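Structure first, then comments.
Here is the naming used below: chain letters follow the sequence lines, and residue numbers restart at 1 for every chain. Note that the structure is predicted; figures quoted are calculated from it, not measured.
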Amino acid sequence: MRKDVVRIIGKALDEAAGQGLIGEARPDIIVETPKKEEFGDFSTNVAMLLAPLEKKPPVEIARMLAGMIAKIPPVEKAVVAGPGFINIFLGKPFYRAVLEDILKKGEDFGRLDAGKGRRVQVEFVSANPTGPLHIGHGRNAAVGDALANVLEAAGYEVAREYYINDVGRQMQTLGESIRLRLLELEGEDVEFPEDFYRGEYVKDIARDYMQRYQPDYAGAPSFQDFGREAMLERIKKDLDDFGVRFDAWYSEKSLHDRGLVMDTIEELRRRGFIYESEGALWFRTTDFGDDKDRVLIKADKTMTYFASDIAYHRDKAERGFSAMVDVWGADHHGYEARIRALFKALGADDARLKIIFIQLVALLRKGVPVPMGKREGEFVTLRQVMDEVGRDACRFFFLMRKSDAHLDFDLELAKSAAPENPVYYVQYCHARIKSIMAFAREKKIEVPQTPGPAVFDGLNAEEIGIIKRLGAFEEVVERSAAAMEPHRITFYLMELAGLFHPYYNRNRVVTDDGNITAARLLLCDAVGNVVANGLRLLGVEAPSKM
RNA sequence: GCGCCUGUAGCUCAGUGGAUAGAGCAUCGGCCUCCGAAGCCGAGGGUCGGAGGUUCAAAUCCUCUCAGGCGCGCCA
């Protein structure tokens, strides 16, 4: 929609240049949708940008361009305002075409080719398989998945990946924790160390292990392997119920098994970024802006997690993605510099790597914070929240904020069927429209496929305004993808619902007037369609009944 | 101390360098014989943390500063 206007302005500029009225220099054409209706459907500051280049007053240039723009259909009029804005008013035929386009495209409205099929990887959640997913992972999952959806809609080919930290100290601790719990079950008196995994889930796993392999434990897997599988199964189930699926589960262990960790270290050594000191092996990340150098192999000859991480990212970088997105908890932001250092050390373009940080979620209950101490394993799990408030509310709430902003998640609000709950505000919009459509069908009202001029002329300014917002959906998707900010979809939907509900309350859709009824039904259909498409990107249901 | 994030209405937050800074909640007052009241209408509310700077134009960009959060291990 905006692109059409950009094209129109471009045409006017070309014509002005052709007539020798301006030079060939072209500033970036900025077209915006003004906040006020009286400023038109679109507005551009191109004359003000041109003024210094042409050494003419902006208003003079604006007048000249406005005259040319006004002659290009479907522009109805173009007026100069303020310091040199050109406000452009489009005619009804334009908005009729927009409505037609939305209805014709249906589910595909909002699907773009901006990505041109380029491959993008989104790696998210990647929680250690040593415990169940907690609320923070939930936000990570919601953001990562919605972002992947948005990128897909924008025309990228997206790969969703989960990186599993399945070797090292914490896996050993998990194995040991299970072993001790098993001994307990067998009646032994054990002292359970403070820093072991103390959650109930460990006891569950130990119980499973016992039931499956007792009495002689012949052929039983190691506690660690058993624990890993049990935890992954549980995590997958949680994510599945949350509506999140991955294309790949990438094992850290597999990096070691294939020798890629040592390979990577060797490559860095060849490139001269590795040195030994105090018995340890270091990567000189300070060459690339990190605060300090980082250890890859400790003095005890075991590897750090960072060693795996660089091997993993090296592998990613070689897989030919045009962009790689890592979604991390905000407490990991200190890692960004060292991962970027790896890219630079390998001569790879680290601009391809985008790291999104997910800030903490504060759970509230009627405004009172829910304690979330991680000690004793009593943190709030994604499962608990999902079970309490439902998947839709849960996902929607996680996407109501910019990911790098703290999020207050009020459980009572999320599950309340009250007007102040934004999830239902948007879903209700969809359900309401479906209900209206059903009502019209019951009344055997004929609705044309597309709005002809006679039908469309029945629509008033408020309805045209809604169509204008509907048309902007494509742009919202595009910007959301470009900025990698899925929350923009959420805000758009709340705004759209905020246009529709008041409109509905003031206007009857099904009336005695055939043309008006048809036009309004088509408008409703389009709104419902866009709401459904937007909710799909968020991974939230668009119910027909509530 | 250094680095990253955040300071916008009482609260929670939007806000592409543009025109008189917006929502929702909360508060107060109204609307269901009529397509879904999980909805709508109306009212009050602001030194965009502060100070400089760039610009025709700054909540937005730059510098400094104040406040809060997080991170700064041969931890995971």
Practice prompt. Give a yes or no on whether the ring-centroid distance for A:Phe283 and A:Tyr275 is below 6.0 angstrom.
Written response: no
Worksheet, complete the sentence: Taken to the nearest whole Å, CD/A:Glu278 to P/B:C74 is 9 Å
Item to complete: With heavy atoms under 4.0 Å as the rule, sort A:Arg169 into base, sugar-phosphate or nothing.
Response: sugar-phosphate
Worksheet item: With rounding to whole Å, what would you report as the distance between B:C74 and B:A67 at their P atoms?
Response: 31 Å
Practice prompt. Rounded off to whole Å, could you give me the CZ-to-C1' distance for the A:Arg508 and B:C34 pair?
Written response: 6 Å
Response to the item:
The answer to which of A:Met48 and A:Ala330 contacts RNA chain B further toward the 5' end, by nearest nucleotide, is A:Met48
Worksheet item: Would you say a side-chain N or O of A:Lys298 is under 4.0 Å from OP1 or OP2 of B:C75?
Response: yes
Worksheet item: Is A:Tyr305 near enough to B:G73 that one of its side-chain N or O atoms lies under 4.0 angstrom from OP1 or OP2?
Response: no
Worksheet entry | Anti or syn - B:C62, cut at 90° from 0 | anti
Worksheet item: Looking for any heavy atom pair under 4.0 Å, which part of the strands does A:Ser435 touch: base, sugar-phosphate only, or nothing?
Response: base
Item to complete: Determine: side-chain N/O of A:Lys292 to OP1/OP2 of B:G73, distance under 4.0 Å, yes or no.
Response: yes
Practice prompt. Look at the side chain of A:Glu32 and decide which nucleotide, out of B:C70, B:A19, B:C40, has an atom nearest to it.
Written response: B:A19
Worksheet item: Can you tell me how far P in B:G22 sits from the matching atom in B:G45, rounded to whole Å?
Response: 15 Å
Worksheet item: With a 4.0 Å cut-off on heavy atoms, is A:Tyr428 in touch with a base, just the backbone sugar-phosphate, or nothing at all?
Response: base
Worksheet entry | Base paired to B:C25 (Watson-Crick or G-U; both N/O distances under 3.5 angstrom) | B:G10
Discussion item. With rounding to the closest Å, how many angstrom separate the P atoms on B:A43 and B:C25?
Written reply: 15 Å
Item to complete: Please assess A:Leu255 against A:Tyr250 for the test side-chain contact (heavy atoms from CB on, under 4.5 Å), listing each intermediate value before the final yes or no.
Response: CA-CA 9 Å; A:Leu255 287 166; A:Tyr250 198 109; 3.4 Å; yes
Worksheet item: Base, sugar-phosphate alone, or nothing: which one does A:Lys443 contact when heavy atoms must sit under 4.0 Å apart?
Response: nothing
Worksheet entry | C1' gap between B:A57 and B:G44, integer Å | 31 Å
Worksheet entry | Distance, P atom - from B:G53 to B:U60, rounded to whole angstrom | 14 Å
Worksheet item: Is A:Asn507 touching bases, backbone alone, or none of the nucleic acid, heavy atoms closer than 4.0 Å?
Response: base
Worksheet, complete the sentence: Regarding the side chain of A:Lys545, the nearest nucleotide among B:G36, B:C40, B:A19 is B:G36
Worksheet item: If you measure from the ring centre of A:Tyr425 to the centre of the six-membered ring in the base of B:A38, is it under 5.5 Å, with the planes under 30° apart?
Response: no
Worksheet item: Below 4.0 angstrom, N of the basic side chain to O of the carboxylate: do A:Glu541 and A:Arg395 qualify?
Response: no
Discussion item. For a quick check of understanding: with a heavy-atom distance under 4.0 Å over all strands, which category does A:Thr517 fall into, base, sugar-phosphate or nothing?
Written reply: nothing
Worksheet entry | G-U wobble or Watson-Crick pairing nucleotide for B:C72 (cut-off 3.5 Å, both distances) | B:G1
Worksheet item: Looking at A:Arg432, does any N or O in its side chain come under 4.0 Å of the phosphate oxygens OP1/OP2 on B:A37?
Response: yes
Worksheet item: Starting at CD of A:Glu336 and ending at C1' of B:C4, how long is that distance when rounded to a whole Å?
Response: 8 Å
Item to complete: Name the pairing partner of B:U16, where a pair is Watson-Crick or G-U wobble with both distances under 3.5 Å, or state none.
Response: none
Worksheet item: Does the base of B:A19 carry an N or O that pairs as donor and acceptor with the side chain of A:Asn45 under 3.5 Å?
Response: no
Fill in: Closest-nucleotide ordering on RNA chain B, the 5'-leading residue of A:His332 and A:Lys402
A:Lys402
Practice prompt. Classify the nucleic acid contact of A:Arg294 as base, sugar-phosphate or nothing, counting any heavy atom under 4.0 Å across all strands shown.
Written response: nothing
Fill in: Sugar-phosphate only, base, or nothing, as touched by A:His333 at under 4.0 Å among non-hydrogen atoms
base
Item to complete: Look at all strands and tell whether A:Glu495 reaches a base, only sugar-phosphate, or nothing, counting heavy atoms closer than 4.0 Å.
Response: nothing
Worksheet item: In the structure shown, which nucleotide is the Watson-Crick or G-U wobble counterpart of B:G39, with both distances under 3.5 Å?
Response: B:C31
Fill in: Expected output: side-chain A:Ser435 to main-chain A:Ala431 donor-acceptor under 3.5 Å
no
Item to complete: Under a 3.5 Å limit for both distances, which nucleotide forms a Watson-Crick or G-U wobble pair with B:C64, could you say?
Response: B:G50
Worksheet item: Stepwise, does the side-chain contact (heavy atoms from CB on, under 4.5 Å) test hold for A:Arg340 with A:Glu336?
Response: CA-CA 6 Å; A:Arg340 291 199 182 281; A:Glu336 179 165 9; 2.9 Å; yes
Worksheet item: What is the nucleic acid contact for A:Asp293, judged by heavy atoms within less than 4.0 Å: base, sugar-phosphate only, or nothing?
Response: nothing
Worksheet item: Has the side chain of A:Asp291 got a donor or acceptor atom sitting under 3.5 Å from an opposite partner on the base of B:G3?
Response: no
Worksheet item: A:Arg401 has a side chain; which of B:A14, B:C34, B:G36 sits nearest to it?
Response: B:A14
Fill in: P spacing across the pair B:C62 / B:G24, given as an integer number of angstrom
32 Å
Worksheet entry | Heavy-atom donor-acceptor pair, A:Ser126 side chain to A:Tyr163 backbone, under 3.5 Å | yes
Worksheet item: Please give, in whole Å, the distance from B:A14 P to A:Leu493 CG?
Response: 16 Å
Practice prompt. For B:C70 versus B:U54, give the span between their C1' atoms, rounded off to a whole number of Å.
Written response: 32 Å
Item to complete: In whole angstrom, give me the gap between the C1' atoms of B:U12 and B:U16.
Response: 23 Å
Worksheet item: Once you round it to whole Å, what is the distance between P of B:G73 and CG of A:Asp290?
Response: 11 Å
Worksheet item: What nucleic acid atoms does A:Phe357 come within less than 4.0 Å of, heavy atoms only: base, sugar-phosphate, or nothing?
Response: nothing
Worksheet item: What does A:Thr33 touch in the nucleic acid at a heavy-atom separation under 4.0 angstrom: a base, only the sugar-phosphate, or nothing?
Response: base
Discussion item. Tell me whether the side-chain N/O atoms of A:His430 come closer than 4.0 Å to OP1 or OP2 in B:G39.
Written reply: no
Practice prompt. Any chance you could lay out the ring pair (Phe, Tyr, Trp, His ring centres under 6.0 Å) test for A:Phe398 and A:Phe409, step after step, and finish with the verdict?
Written response: CA-CA 8 Å; A:Phe398 284 141; A:Phe409 190 138; 5.4 Å; yes
Item to complete: Give A:Asp408 one of three labels, base, sugar-phosphate or nothing, depending on what nucleic acid heavy atoms sit under 4.0 Å from its own.
Response: sugar-phosphate
Practice prompt. Measure up the A:Tyr492 and A:Phe473 rings against each other and bin them: parallel (under 30°), tilted (30 to 60°), perpendicular (over 60°).
Written response: tilted
Discussion item. Rounded to whole Å, how long is the line connecting atom CD1 of A:Ile436 with atom P of B:G39?
Written reply: 15 Å
Worksheet, complete the sentence: Exactly one of A:Arg139, A:His487, A:Gln359 clears side chain to side chain contact (heavy atoms under 4.5 Å, CB included) with A:Arg401, and that residue is A:Arg139
Item to complete: Report yes or no: is the cationic atom of A:Lys77 (NZ for Lys, CZ for Arg) under 6.0 Å from the centre of the six-membered ring of A:Phe89, at an angle within 45° of the ring normal?
Response: yes
Practice prompt. Check the distance between B:C35's P and A:Phe500's CZ and give it to me in whole angstrom.
Written response: 14 Å
Worksheet item: Could you give the CD1-to-C1' distance, from A:Ile433 to B:G39, as a whole number of Å?
Response: 13 Å
Practice prompt. Determine the contact category for A:Thr511: base if any of its heavy atoms lies under 4.0 Å from a base atom, sugar-phosphate if only primed atoms, P, OP1 or OP2 are that close, otherwise nothing.
Written response: nothing
Discussion item. Taking the minimum atom-to-atom distance to the side chain of A:Leu49, which one of B:A19, B:G36, B:G18 wins?
Written reply: B:G18
